[in-house]
Number of protein chains: 2
Amino acid sequence: MPDFNDQLGQQGVTLADRVFARLRQAIVEGEIPSGTKISEPELAGEYGISRGPLRDAIGRLEACHLVERRPNVGARVVSLTQEDLLELYLLREALEGMAARLAAERMSGRDIDELRKLLKQHQERAELQEGIAYFQTEGDLDFHYRIIKASGNARLIKLLCDDLYHLMRMYRFQFGMASSRALIAFREHGHIVEAIADRDPEMAELIMRRHIRSSRINVELLFDEKAPKGAKATPAIRSAGAGNSAGAPPPL
Amino acid sequence: MPDFNDQLGQQGVTLADRVFARLRQAIVEGEIPSGTKISEPELAGEYGISRGPLRDAIGRLEACHLVERRPNVGARVVSLTQEDLLELYLLREALEGMAARLAAERMSGRDIDELRKLLKQHQERAELQEGIAYFQTEGDLDFHYRIIKASGNARLIKLLCDDLYHLMRMYRFQFGMASSRALIAFREHGHIVEAIADRDPEMAELIMRRHIRSSRINVELLFDEKAPKGAKATPAIRSAGAGNSAGAPPPL
DNA sequence: TACCCTAATATTGTCAACAATCGGACGACA
DNA sequence: TGTCGTCCGATTGTTGACAATATTAGGGTA
């Protein structure tokens with residue numbers, strides 16, 4: 001259970017912080033479906049707060065690319081498209097490739113050991129429950145998360161962990177991403193750790209890039225399978241839990 | 001004269017848009033020096049607006065990493081450090097490398113011709129006024145700008161052109177970046193265009209990455225020269241035009 | 001019946017006042 | 001004299017009301 005961006009427990013200090021964290025979770029996990037219009041008076045009423053901090057929170061969501069805003073019209077939750085997901089993978093290929101390179105240069109031996117342990121846990125879990133599910137959803141992100149952190153590049157870390165990873169999580173919640181590739185991906189993770197342990201930046205970057213590129217191609221194939229030709233903007237598949245519009249959320 | 005992010009003329013629709021654009025320019029160009037505290041009442045008074053849209057604008061500046069905010073304390077203009085600049089170069093190496101790769105795959109023949117023309121203009125200008133200055137400041141950014149746009153990856157474009165390039169501009173305004181490397185860089189630009197025209201993505205990415213890496217190393221050397229040992233956080237060098245604190249800015 | 005123009009409605013953008021929190025100055029005490 | 005505690009001032013966070021804009025429903029006309 002990785003804790004992206006300290007969203008757990010430690011709730012932000014200010015009202016806008018808390019409502020931002022909560023809205024982000026609701027959007028990422030699909031509680032507020034893609035394409036939904038964000039009504040300021042309505043949400044303010046539900047959360048029992050004023051429109052001021054709510055607008056602040058919406059602004060931050062926009063900065064994360066989780067909602068889109070048009071002046072004098074309002075904000076909508078982004079609608080996920082196949083095209084955008086593929087663009088996201090290209091970004092990750094470039095950025096996480098660099099992260100792996102830097103990690104190979106700077107990661108401490110101690111952290112490398114920790115990373116190895118993490119992989120062992122993943123293996124056990126995968127063997128145990130055969131539920132490649134866990135591995136490919138949270139476990140995979142956790143692995144990547146650690147390598148990014150190990151890059152030591154604050155800007156890279158912020159970009160990947162604060163923005164892009166919430167988007168990736170959102171895509172995983174909305175599209176299934178069942179991944180017939182889990183075992184292969186797991187082995188690739190092993191190779192990446194080896195390259196890092198060998199202090200071979202070139203190799204670490206190369207393998208990480210191929211790893212992410214393979215994921216992208218896999219996703220591309222899945223899309224072509226489901227929608228042989230057109231289907232240029234497939235919206236969310238799962239309706240994701242019937243939004244609790246009745247019954248206000250617990251107090252902040 | 002590239003027009004990063006449509007900041008010219010076409011002023012935003014809403015008040016917050018306009019004050020955001022104006023503040024960003026003031027910060028990037030050093031009119032508001034690094035490290036300055038952003039006082040909401042004061043600025044609101046100067047611009048003749050309320051604190052609401054101003055706070056909105058400050059929030060967007062924070063999303064661009066141009067100001068840093070602490071709850072209940074306030075916002076300050078980011079203080080530029082050598083370390084952060086080097087991190088920025090690493091990001092650019094990864095991202096613009098990918099942009100060059102994509103451009104080689106997708107750039108239209110027409111746009112490639114345009115790019116060649118641009119280089120010719122740069123050459124003439126450089127020869128004419130011998131003022132490598134222009135080339136290395138705005139011209140260089142313009143060249144990179146076009147390749148990024150040609151990548152066709154909306155997310156990549158947004159990231160580089162909306163956020164990172166304003167930061168690069170800010171560093172160029174604050175630190176000199178005189179660049180003894182202008183001529184070499186110009187030739188490298190030529191090689192990049194060739195690789196794109198050859199539809200050789202691997203090569204285009206490789207050269208772009210080396211190009212940016214060379215810039216980074218050059219900057220690193222400059223820093224080591226000026227501050228042989230410590231000097232871990234060199235603040236702005238130029239005081240940049242005596243900030244017009246007296247005399248309110250023209251109306252929005 | 002289809003299209004366009006007008007007006008009502010609801011939403012967003014903006015403003016000014018209130019409450020909560022932080023930083024610094026002053027003074028008391030060891 | 002140095003350190004801690006307290007108070008005050010100022011700034012930020014939040015609120016509710018006002019103004020401006022976009023959407024939608026309705027009626028009139030070709």
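Everything numeric here is computed off the predicted structure, so don't read it as measured data. Order of the sequence lines fixes the chain letters, A, B, ..., with proteins taken first and strands second; residue numbering starts at 1 for each chain.
Note: CG (L54(A)) to C1' (dG16(D)) measures 15 Å, nearest angstrom. Rounded to a whole Å, the OH atom of Y47(B) is 21 Å from the P atom of dG13(C). Following rounding to the nearest Å, R69(A) (CZ) and dG13(C) (P) show an atom-to-atom distance of 6 Å. For the pair I49(B) CD1 and dA19(D) P, the interatomic distance rounds to 19 Å; values are reported in whole Å. Atom CZ in R18(B) sits roughly 12 Å away from atom C1' in dT14(C) (whole-Å rounding). The distance from atom CD of E40(B) to atom P of dT21(C) is 17 Å, rounded to the nearest whole Å. The distance between atom CZ of R55(A) and atom P of dT11(C), rounded to the nearest whole Å, is 14 Å. Between the P atom of dA20(C) and the CG atom of N72(B) lies a distance of 12 Å, rounded to the nearest Å.
Using a 4.0 Å heavy-atom cutoff across all strands shown, I38(B) reaches sugar-phosphate atoms only and no base atom. Nucleic acid contact class of G74(A) (heavy atoms, under 4.0 Å, all strands): sugar-phosphate only.
Not one side-chain nitrogen or oxygen of R51(A) sits closer than 4.0 Å to the OP1 or OP2 atom of dT12(C). The side chain of T14(A) places an N or O atom within less than 4.0 Å of a non-bridging phosphate oxygen (OP1 or OP2) of dT14(D). For the OP1/OP2 pair of dT12(C) and a distance below 4.0 Å, the side-chain nitrogens and oxygens of K37(A) include at least one atom meeting the criterion.
Counting only residues at least two apart or in different chains, side chain to side chain donor-acceptor pair (under 3.5 Å) contacts with residues 59-70 of chain B comprise D17(B)-R60(B), D56(B)-R60(B).
Using a 30° and 60° split on the angle between ring planes, F175(A) and F223(A) fall in the perpendicular class, above 60°.
Taking for each of V73(A) and A16(A) the nucleotide of DNA chain D with the nearest heavy atom, the 5'-most of the two is the partner of A16(A).
Nearest heavy atoms, L43(A) versus I38(A): CD1-CG2, 3.6 Å.
Of the candidates dT12(C), dC15(C), dT23(D), the closest approach to any side-chain atom of R70(A) belongs to dT23(D). Checking dT14(D), dT12(C), dC15(C) against the side-chain heavy atoms of P41(A) singles out dT12(C) as nearest.
Salt-bridge check for E40(B) with R51(B): passed, with a basic side-chain N closer than 4.0 Å to an acidic carboxylate O.
Residue K37(B) places its NZ atom among more than 12 non-hydrogen atoms of other residues, nucleotides or ligands, all under 6.0 Å distant.
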